[in-house]
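Remarks on the structure that follows.
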Amino acid sequence: MKQMKVDIKIGERVAEVELLERNENSVKISIDNQTYEIDALNVEPNIYSILHNNKSVDVEVQAGNKAKHYAVNIGMDNIETQVIDAEAKYQMSRGNGSGGEDDNAISSPMPGKVVKILVAEGDEVKAGAVVIIISAMKMESEYKVKQDRKIIEVCVSEGDNIDSNQPLVIVE
Amino acid sequence: MKQMKVDIKIGERVAEVELLERNENSVKISIDNQTYEIDALNVEPNIYSILHNNKSVDVEVQAGNKAKHYAVNIGMDNIETQVIDAEAKYQMSRGNGSGGEDDNAISSPMPGKVVKILVAEGDEVKAGAVVIIISAMKMESEYKVKQDRKIIEVCVSEGDNIDSNQPLVIVE
Amino acid sequence: MIKKILVANRGEIAIRVMHSCREMGITSVAVYSEADRNSKHVRMADEAYYIGPSASAESYLVIDNIIEAAKKSGADAIHPGYGFLSENATFSDRCKNEGITFIGPTSEVISIMGDKISARKKMVKAGVSVVPGTKENLVSDEDALRVVKEVGLPVMIKASAGGGGKGMRLVRTEEEIIPGVRAAKSEALAGFGDDTVYVEKFVENPHHIEFQILGDSHGNAVHLFERECSVQRRHQKVVEETPSPIMTPELQAKMGEQAVMATKAVNYVGAGTVEFLVDDDLNYYFLEMNTRLQVEHPITEQVTGIDLVRAQIEVADGKEIPFKQEDLHQQGHAIEARVYAEDPYSNFMPSPGLIQNISEPLGPGIRHDGYVYSGYTIPIHYDPMISKLIVWGANRDEAIDRMKRALYSYKLSGIKTNISFLSRIMESEDFAKGGYNTNFIAKNEDFLMAEREIDSEVEDMAIAATFLAFIDKTGIGTNSNKEDANCTENEWKAFGKRRGVMRLY
Amino acid sequence: MIKKILVANRGEIAIRVMHSCREMGITSVAVYSEADRNSKHVRMADEAYYIGPSASAESYLVIDNIIEAAKKSGADAIHPGYGFLSENATFSDRCKNEGITFIGPTSEVISIMGDKISARKKMVKAGVSVVPGTKENLVSDEDALRVVKEVGLPVMIKASAGGGGKGMRLVRTEEEIIPGVRAAKSEALAGFGDDTVYVEKFVENPHHIEFQILGDSHGNAVHLFERECSVQRRHQKVVEETPSPIMTPELQAKMGEQAVMATKAVNYVGAGTVEFLVDDDLNYYFLEMNTRLQVEHPITEQVTGIDLVRAQIEVADGKEIPFKQEDLHQQGHAIEARVYAEDPYSNFMPSPGLIQNISEPLGPGIRHDGYVYSGYTIPIHYDPMISKLIVWGANRDEAIDRMKRALYSYKLSGIKTNISFLSRIMESEDFAKGGYNTNFIAKNEDFLMAEREIDSEVEDMAIAATFLAFIDKTGIGTNSNKEDANCTENEWKAFGKRRGVMRLY
């Protein structure tokens, strides 16, 4: 048993979470110093059936787009969470943390096809300029720079099929 | 590519099967010297979508109770198959083959609960004698010996929950 | 007003009840045994309470534990489902004494209708047709001949103190009367120390037809038409349909009226079923009353449009039935097929175990009431019913064709099921014709149990797929072929790789 | 007689058509593009033919490829589904010339009804109400004032040569007439080199109500009542219901009669839809005719009990419609909700990708027409619709409650969906009241798009589950914690182990 305590980010909140005891599906856990005794059974891959004070809830935890990011589904709620363990804290202290790497790469949150590239390597573009247009499922989306930027690299070509979160254009 | 040719048993038939070519889901295969060119795509775990002469069929192949035995589901048909590769042939030649090991162990094809054990170690029982009674889902099943036998070992106790195909009573 | 219901059951019926609770804005409370922690009814409920070890005698049948869970949860009503405590008069009474609404009839009604003799008496008094017979003891041979002639052959001679088939004799011809009565009497004397025997009409290969009824606490009662339940194996229903293929408007009106009479005779509050035996000449006889929701209630819901669980909850809550007899109509035709975890080809041996893949039928006219999921292990402790496929069609032929499609499309692997057997029932000429009775399965056994002939091309595809599964699993025929039981490549990842060609972006 | 049908489509509608084929004993033939080899419609069909690369312009829209597949397979009919080639006159003609039955109207009918001007003329001639207006050119200001007064405010000034919203002016008040006409004329002249403009009545926030019709080759035509389709986002229907909450028996009779008149006016053979705009005063105007099966056809099937695909196939096969207008009735209430792979909270951006877990709603009154499965990757090339949830209830309130339950129970993870948005529609007061029109989504945007408030206990359970998933995955907090990307322990085995406590035998 290595590490039993991490931070978990949910919206703006960062909760301190600690495992106090675990015996099969009986789990004793502390969340922001509140102790929960829950019955959490992994009933299907990525799905926990949780009973807490006899309330029954299915919680699905899918891996998110980045390491240690999760998409959590409970009832009609879809919530994003992030585990911040010692390693993540170290990465963040070195500026490699979450949110950092995206700033100089333009990417699409969905897979799709490159319709048009409006910039070339070396271009200087103004804030709000459209850089690339991606289409998926009959709908086109434009991706813009938020500030004045210089284009360092264009990683894709028109007509390419792209993955979600793949770097498309690198800006300075 | 190690071994491309095996025998496959289906009912009473033992077919010689050889892989001739495979490129992604395009498969060229010989079954009893008849060549099939099929498009076989692993669409879900254990399920192949096969197109053969444009006929479309989903084939599910689940691992069976013994090594290299399979339960195959096609349409409304449920078929049992068995792969006999070099290793299996070797085992069979040494008398450890399929079907052999069950003869001196009485087991149940379904999981259940031991209701009653009617024999003890060392007993000599007559052909047709009931040895053990197993219950599952409100139904009791009696297991008998087919020939006169001596009881070598009783592996379970009354009230035990048992797995399918677990040895219950060993006979000589 | 009922705001929270504890469902004292498991499996598909617990889930069925919870559906109506959710639609009515009622909080649902599950109870579960040790074996059922991962059961879908626990996962779907708003709350769940542990009530004991796996054996139902130690959990689902323990009144104290269920009442305790109801009190802890603050449930104001208990729905018993079917089976378990659903027809237990003591339980109904206990709920009443604890101030919890029992969604079902009073203990008095359960007691009267649960006992065949008292139910028969009550029904005779209410004017309901029962199986003809007398309670007169046959002392002399002359008595025997006279009474049997009154009732009409064939008859069953039954020991008054009897049970379990002892002291019973079927008499078909006049010559058999005296020997039959004597044999029954001597068997009865030996078995029960009492040689009193009486005569009842024997209904040969009857149709088993039941009427859905509903009564409220304001004295209203209606019937929701019949269900034909003659496809039975060892007295266990397998397929049900409505309307019954042998039903006529006149017969329906008469039997419906009798069902309502039966309901009113006991001031019945709730949903129930009046079962009849019907012979080939359309004579009908009251058999028994089930004082609970039936497994096969969905076919009635499909043709009448009435949510029976909602109706149960409403009348239990003191409301009037929200419709009148004349508002009710049967529209189209519905069939239910019960899917069991069993092997029809090994004497219907139960087949609990781990469910691998499930694929449920979609599209028009199909309803599916089930409880299992991929990765779920069906426990050994309870009933082997997995789910119920219910189809609706504009007419009987369309419903049968739809059921064939539903069964064909319903894939459930990892365990043995009776899906193929059910499909055979749908394919049988005798079922298609519709005049079948409770002898159906015995009569058609050869056809129903015949091995399916496997097309040689299908066989070759089975071989091909086996071969591919074998080489894909072992890695033979690919670049990598190391295999280690404790350290194989992640199965899904491997699956993803094999499927790589399809990731087109 | 039709014995084999090629379905020139993909996704849920291809599967929907195949359901009826199977029930009718008709062999089904799928066609598929490169991206669709693993699509469910290919797996469910009896036969499947490859017809080209992923882009629909190179596959599903290529008439030659589809005809070639039909000829190779020996199909005697083609069902086009909706979208793709379903309203393509050339395709209908080509089928005819190749001796293949096109399950849909003739090219002539498609052409007439596909063009708004010719459709309007045909309808006016047949006596069907169209949006009032004139085709008179407004030359002078006097003309403009006179004509607008004739038609009645508000009006839309439209350029005769116009399109795409250019040369159009909405005029609400008398003062706006002359400036409006002048502006439209100058914009028309600049845009199309022609300043001809005309006047049409402007229907403010109309209700979009359509009638399902069916015609056969023997001159019979019936309507199967209306569908209310006013819940639209960017002219895309999201939720449909029948009956329409604003319908009255009188209005239904009148509009139904007009729909049948429209059908007969073009000797329509097949299933089709006559769309109307209806204002809040229940004035109705013919909008257009869809000469194909609609996405929302299931709600009509649920309340009438008619299998529309079966009916399409029968009339295409030369048979008479097997029912008369007076046989048709609406029973109960049906609602359809379209489930899309999209993120409602990021401007409805499409969200193709890998489906992880799916759990479909079960039980009474729920129909599910879909095509995806767990492990399937939704391709980027086609429509983002995943499936349609269709519910039936004895009345509108019951149907709404049932749809809420269906949406709540429908779990689909791995991609973003609009399920929560659909649920919000069901929860909105405006929908519950039922008087809504096409302005519904804009009007209720704040409510529909509001972030769901997350209960603090729910949030803590999300945190707890995240934590458990994290430690279960990495092995931290357990005895083993080695992790190797290429050689992790089999995921299902690990899952089995964690679940070990539940294997109770």
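Any value given below was found using the heavy atoms of this structure, including those in side chains, with hydrogens, waters and symmetry copies removed. Chain letters run A, B, ... following the sequence lines, proteins first, then strands; residues in each count from 1.
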Closest non-hydrogen atom pair between C:Asp307 and D:Glu398, with its separation | CB-OE2, 4.3 Å

For D:Ala394 and C:Gly305, the nearest pair of non-hydrogen atoms, with its separation, is CB-O, 3.8 Å

Chi angles and distances behind the side-chain contact (heavy atoms from CB on, under 4.5 Å) call for C:Ser359, D:Arg43 = CA-CA 12 Å; C:Ser359 182; D:Arg43 298 172 56 191; over 6 Å; no

Is it the backbone or the side chain of C:Arg22 that comes under 4.5 Å from a heavy atom of chain D, or both, or neither?
-> side chain

How long is the gap from CG on D:Asn357 to OG on C:Ser374, to the nearest 0.5 Å?
-> 9.0 Å

Value for CG (D:Asp369) from CD1 (C:Ile366), rounded to nearest 0.5 Å, stands at 9.5 Å

Using a cut-off of under 4.5 Å for heavy-atom pairs, which of D:Gly25, D:Gly370, D:Gly365, D:Gly363 has the most such pairs with chain C?
-> D:Gly363

Quick one: of C:Gln331, C:Lys388, C:Lys404, C:His329, who has the most non-hydrogen atom pairs under 4.5 Å with chain D?
-> C:Gln331

Heavy atoms only, distances under 4.5 angstrom: which of C:Arg402, C:His368, C:Arg16 has the most pairs with chain D? Name it, please.
-> C:Arg402

Let me know if C:Arg405 has heavy atoms under 4.5 Å from chain D in its side chain, its backbone, both or neither.
-> both

Interface moiety of C:Thr304 toward chain D, non-hydrogen atoms closer than 4.5 Å = backbone

Relative to chain D, which segment of C:Tyr408 carries a heavy atom at a distance below 4.5 Å: side chain, backbone, both, or neither?
-> side chain

Check whether any side-chain heavy atom of D:Glu23 sits under 4.5 Å from a side-chain heavy atom of C:Val391, and report yes or no.
-> no

Interchain contact, C:Glu12 with chain D, by part (heavy-atom threshold 4.5 Å) | neither

Checked C:Met24, C:Glu301, C:Arg367 vs chain D; the most non-hydrogen pairs under 4.5 Å come from C:Arg367

Shortest non-hydrogen contact from C:Leu362 toward D:Glu360 | CD2-OE1, 3.9 Å

Can you say whether C:Pro364 sits under 4.5 Å from chain D via the side chain, the backbone, both, or neither, judging by heavy atoms?
-> both

Quick one: OG on D:Ser409 to CE on C:Met44, what's the gap to the nearest 0.5 Å?
-> 4.5 Å

